[in-house]
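One-based numbering, in listed order, for ligands and for the atoms of each. This one's a predicted model, so the numbers in the text were calculated from it and none came from an experiment.
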Amino acid sequence: MTNYKINKQGFYGKFGGAFIPEMLHANISNLQNQYLKIMEDPDFQRQFKKLLRDYVGRPTPLYFAERLSAHYNTQIYLKREDLCHTGAHKINNTIGQIILAQKLGKSRIIAETGAGQHGVATATVCALMGIECIIYMGEKDIERQAPNVSRMKMLGAEVRPAKSGSKTLKDATNEAIRDWIDNPVDTHYIIGSVVGPHPYPDMVARFQSVISEEIRYQLIDKTGKAYPDHIIACVGGGSNAAGAIYHYIEEKNCNIILCEAAGKGIDTDHSAATSILGSQGIIHGSLTILMQDQEGQITEPYSISAGLDYPGIGPLHAALIDGQRAEVHSVTDDEALKAGYQLSKLEGIIPALETAHAFAVLDKRSFDKDETVVINLSGRGDKDLKTYIAHL
Ligand SMILES: *Cc1c(COP(=O)(O)O)cnc(C)c1O
């Protein structure tokens, strides 16, 4: 079996690494040298755990979904990341990175955001710590995601528009990188998923691994067994999935199921199904699988859910898929919407559209009656009501 542990250079097998411009070298190597030392420090751990408990609201419940289980004739448990402060798992990572930034002596935070969810999670922890916060966001996304822009501003962040290229996430990322090159000493760049140059994928996965750490003891309590037969999560960059599977990667009896966004379908040019449409290449400093054209230019992805509308996947997921450790399903907009409506009616939980992609798997393959299935409920759907209602 392939080894899915990261090596010193930041590779999961052949995927990962840090392919960065010379000018970022100092920032990245400083982070590479420091992150594990800081994260393993007892004082860091104490602060991180305290905030996860008292501010984020952890541990989040592991909930046995009785009606959903009856409907699909299997045993379904939901990991309730939707109950985290700000409504999704993203805050687990930003809490970790803001404490890390303080330990590194940084006084200024930058981040990129597409839909604004990571921007809000970053602005939130900057407000919490009283640290200056600048969020780069594509001009087009600023228009499309007005409520999140208002949230970030109310939280005290400055939202800077990226006006180049397609005026979306990748352009915001370019602006953030430019800023970091210009401000290497006082600034920390908070990346929002398990993507980017090493050490980001590993660092973010470790912050999110609190999810599977909790699932393990919660499952023992409820079923007597530490692992489920199947664990299911949606994948944009891959951070909620990485957190949900982190402690199960070496557990061969636990089947990993990843759900990516097929958009309007994998045979249309409106899709974000990276595992099918993508090929090996470098995106945001990492060697992974991404959607690109013949010349290696990144293809504009599409999904109804802004959080899955990303043209790549993190290197860990690329390795898991390449090594066939994970089963992947591509879920269309329509399938996700249907799953979102169904969960709302059967369990009284309105999921984020991203999360709804994970639930759509229940219609795509069957599970045995006695099998334990854990679905990572990555976020709540309040932000998506307009889209849900428009497709009623
Ligand atoms: C951002 C987001 C995702 C996708 O990001 P990952 O890094 O793949 O987890 C999934 N679900 C929700 C609720 C999100 O906000």
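- With values rounded to the nearest 0.5 angstrom, Gln218 atom CD is found 3.5 Å from Lys79 atom NZ.
- Listed by first and then second residue, the ring pair (Phe, Tyr, Trp, His ring centres under 6.0 Å) pairs involving residues 148-178 amount to none (not counting sequence neighbours).
- Among residue pairs with one or both ends in residues 286-295, those qualifying as side-chain hydrogen bond (donor to acceptor under 3.5 Å, both in side chains) are Ser279-Gln292; sequence neighbours excluded.
- Within a 6.0 Å sphere centred on CD of Gln324, heavy atoms belonging to other residues, nucleotides or ligands number 12 at most.
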Quick check on ligand 1: any N or O pairs to the protein under 3.5 Å? One line per pair.
from	atom 1	to	atom 2	distance (Å)
ligand 1	7 (O)	Ser193	OG	2.6
ligand 1	7 (O)	Gly238	N	3.3
ligand 1	7 (O)	Ser239	N	2.8
ligand 1	7 (O)	Ser239	OG	2.7
ligand 1	8 (O)	Gly236	N	2.7
ligand 1	8 (O)	Gly237	N	3.2
ligand 1	8 (O)	Gly238	N	2.7
ligand 1	8 (O)	Ser239	N	3.4
ligand 1	9 (O)	His89	NE2	3.0
ligand 1	9 (O)	Ser239	N	3.4
ligand 1	9 (O)	Ser239	OG	3.2
ligand 1	9 (O)	Asn240	N	2.8
ligand 1	9 (O)	Asn240	ND2	2.8
ligand 1	11 (N)	Ser378	OG	2.8
ligand 1	15 (O)	Lys90	NZ	2.6

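- Smallest separation of non-hydrogen atoms from Glu347 and Glu66: OE2-N, 3.4 Å.
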Would you be so kind as to tabulate the donor-acceptor pairs closer than 3.5 Å made by side chains of residues 89-96, with sequence neighbours excluded?
from	atom 1	to	atom 2	distance (Å)
His89	NE2	Ser239	OG	3.1
Asn92	OD1	Arg58	NH1	3.0
Asn92	ND2	Glu81	OE1	3.2
Asn92	ND2	His89	O	3.2
Asn92	ND2	Gln208	OE1	2.9
Asn93	OD1	Gln97	NE2	3.0
Asn93	ND2	Ile191	O	3.0
Thr94	OG1	Ile91	O	3.3
Thr94	OG1	Ala121	O	3.2

